[in-house]
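Note that the structure is a prediction, hence the values are computed from the model and not measured.
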Amino acid sequence: MRLTSHPLWLVGFRPFFTLACLAGVILPPVWALIFGGQLAAPDTPFSTIQWHAHEMFFGFGWAVLGGFLLTATKNWVEIRGYHGLALLLLAAAWIVERLAMSFGGHWPRPLFLLAGNLFLGSIVVMLLWTLTRYRQRDSYRDNVFFLVMLPAFIVAKTLLLAGSDFTAGITMSIGLFRLAFLVMLERTLTQFMKAAFQVQILRQPSLDMAIKLLGLTLVVEFLLPPPLAAAIALTLAALLGIRFVFWKPQLALRRIDIGIMTIGYLMIVLQLLVDAFGHLANLVWVGSVSVHLFTVGVMGCVIPAMMIRIANGHTGRKVVFTGADRLVLYLMLATLFFRIGLPQLFPAGYLGWIYLSAGAWALAWGILAWRIIPLLLQPRIDGREH
């Protein structure tokens, strides 16, 4: 079998969910050891905080988002989608970027810039090409949001790595990922609830569109006057809260596989509230609460549950959460408490909570890798190609 014919390269979620699992196992413990002084800082022209933020958003986060969008966009427009050599080269670009970000501090500047931007630049162009070329066949008209979001990620990455604009880069990165999650949850959580509980949950197009437009506005939150940014964040939180009530959370929370996604939805609301009140008052939190409410609370809760569903469903298997799968989700909830809750209750033990949360996160992703990577390396069991 030729390398490019291996099942790993049949569709985008296979290589990139594999890389996301590996990044999930490696990156947080490495950061904890760097933060605690047990490990030397990466050989990079950026600060360790910039490195950590970049690797979690544009390494781990974009492995997940890239795998999801490479798979979803082909289904949205009903084409074969990228596979084979195209995916192999894209995955290689992701790996080269990780090497550049950790070991490329003394590389020639042109080589470092190429290695550090090839993956995101390539995948954004590839996704935009799919969405624009086949726009008339797109089953979701609001995918226009992705036409705006995708190139904006390049701007966010640039700002994040520019020392003077780091905060703007973080804010923009969160805003873009938030908008992506709002679109994704709107489409998927309603389907999961219908399949699990045979219920219809509120889908009001005008409310959904208002939520997405406000989310898009907050992508450039750093450019807005603080009172205006706070007002928009509070309005978005209120609309999400209203919709949440009609999404039957009392049913969703009966099952951890759907309930954890509901918790992730709530973490978007909570992060918006923390962000808004941060603009209005000098609140004191321990440990970048707003950022980690999103990265651990939203990404950490929603992503594993989605990956388990996709890894099973898109390889021809029934979407059933095993005991190990459920353990992953409970570990992610524990990580959220370790990273956000314990530092507020016992701030003196902050470094210990960093180690504990990084360890719980890595354990969860290690179990997830053990569970789904074998599925990603095998052909579909129902005989279909992809």
Side-chain angles (χ1 to χ4, degrees), residues 7-8 12-36 38-39 42 51-68 91 94-95 97-99 101-102 256-257 259-261 263-264 267 292 294-315 317 319-342 351-378:
L8 184 65
F13 77 91
R14 289 175 175 263
F16 285 101
F17 283 9
T18 300
L19 293 172
C21 284
L22 298 177
V25 171
I26 295 169
L27 290 174
V30 167
W31 165 246
L33 293 172
I34 292 171
F35 185 79
Q38 284 79 35
L39 199 63
W51 176 85
H52 174 52
H54 180 276
E55 290 304 274
M56 292 309 294
F57 281 121
F58 295 97
F60 167 78
W62 252 96
V64 175
L65 185 59
F68 175 81
W94 184 93
I95 293 170
E97 183 181 89
R98 308 282 70 73
L99 295 174
M101 285 301 300
S102 294
I256 184 62
D257 57 312
I260 195 169
M261 298 181 68
I263 292 171
M267 290 301 106
H292 290 100
F294 189 83
T295 54
V296 183
V298 181
M299 298 173 75
C301 286
V302 174
I303 287 173
M306 285 294 299
M307 287 176 62
I308 292 167
R309 288 181 176 278
I310 293 170
N312 282 280
H314 286 260
T315 59
R317 295 168 171 83
V319 179
V320 176
F321 282 68
T322 66
D325 296 332
R326 292 192 293 273
L327 176 59
V328 168
L329 304 184
Y330 283 118
L331 279 169
M332 294 311 300
L333 291 177
T335 302
L336 176 60
F337 177 66
F338 297 155
R339 188 62 187 83
I340 302 296
L342 287 178
L351 181 58
W353 309 140
I354 294 290
Y355 290 149
L356 184 59
S357 60
W361 176 291
L363 177 59
W365 283 89
I367 296 170
L368 185 61
W370 168 72
R371 281 283 298 121
I372 73 169
I373 289 179
L375 310 183
L376 304 177
L377 297 176
Q378 301 170 22

Engineer: Are side-chain heavy atoms of Trp353 and Arg339 found at a separation under 4.5 Å?
Structural biologist: no

Engineer: Take the angle between the ring planes of Trp365 and Phe60 and call it parallel below 30°, perpendicular above 60°, tilted in between.
Structural biologist: perpendicular

Engineer: If you measure from CG on Leu368 to CD1 on Ile373, what distance do you get to the nearest 0.5 Å?
Structural biologist: 8.0 Å

Engineer: Using every non-hydrogen atom in the two residues, find where Ile260 and Asp257 come nearest and quote the distance to one decimal.
Structural biologist: CG2-O, 3.9 Å

Engineer: Between CZ of Phe68 and CD1 of Ile310, what distance do you get to the nearest 0.5 Å?
Structural biologist: 5.5 Å

Engineer: Which heavy atom of Ala364 sits nearest a heavy atom of Val328, and at what distance?
Structural biologist: O-CG2, 3.6 Å

Engineer: Counting only pairs under 3.5 Å, give me each side-chain donor-acceptor contact of residues 13-30, with atom names and distances, residues two or more places apart or in other chains.
Structural biologist:
from  : atom 1 : to     : atom 2 : distance (Å)
Arg14 : NE     : Pro7   : O      : 3.4
Arg14 : NH1    : Leu376 : O      : 2.8
Arg14 : NH1    : Gln378 : O      : 2.7
Arg14 : NH2    : Gln378 : O      : 3.2
Thr18 : OG1    : Arg14  : O      : 2.8

Engineer: How close do Ala32 and Gln38 get, counting heavy atoms only, and between which atoms?
Structural biologist: O-OE1, 4.5 Å

Engineer: Nearest 0.5 Å, please: how far is CH2 in Trp31 from CD in Glu55?
Structural biologist: 12.0 Å

Engineer: Is Arg326 reaching over with its side chain to a backbone N or O of Phe321, donor-acceptor style, under 3.5 angstrom?
Structural biologist: yes

Engineer: Between Glu97 and Phe58, which heavy-atom pair has the shortest distance, and what is it?
Structural biologist: OE1-O, 3.6 Å

Engineer: Is any side-chain heavy atom of Met267 less than 4.5 Å from a side-chain heavy atom of Val302?
Structural biologist: no

Engineer: Are Val64 and Met307 packed together at the side-chain level, in the sense that at least one heavy-atom pair is separated by less than 4.5 angstrom?
Structural biologist: yes

Engineer: What are the two closest heavy atoms between Gly59 and Trp94, and how far apart are they?
Structural biologist: O-NE1, 3.0 Å

Engineer: Give, for atom SG of Cys301 and atom CD1 of Ile256, the distance between the pair rounded to the nearest 0.5 Å.
Structural biologist: 8.5 Å

Engineer: State, yes or no, whether a side-chain contact exists between Met56 and Trp62 at a heavy-atom distance under 4.5 Å.
Structural biologist: no

Engineer: When rounded to the nearest 0.5 angstrom, what is the spacing between CD1 in Ile263 and CG in Leu329?
Structural biologist: 9.5 Å

Engineer: Evaluate side chain to side chain contact (heavy atoms under 4.5 Å, CB included) for Ile308 paired with Asn312, printing each intermediate quantity in order.
Structural biologist: CA-CA 6 Å; Ile308 292 167; Asn312 282 280; 3.7 Å; yes

Engineer: Less than 4.5 Å apart, side chain to side chain, heavy atoms only: is that true for Ser357 and Val296?
Structural biologist: no

Engineer: Quick one: are Met306 and Met261 in side-chain contact, heavy atoms under 4.5 Å?
Structural biologist: yes

Engineer: Output the distance between atom CZ (Phe337) and atom CG (Leu356), rounded to the nearest 0.5 Å.
Structural biologist: 10.0 Å

Engineer: Hey, does Leu331 have a side-chain heavy atom less than 4.5 Å from the side chain of Trp361?
Structural biologist: no

Engineer: Side-chain contact, heavy-atom cut-off 4.5 Å: Ile354 with Phe338?
Structural biologist: no

Engineer: Minimum heavy-atom separation for Met101 and Pro42, please, with both atom names.
Structural biologist: O-CB, 4.2 Å

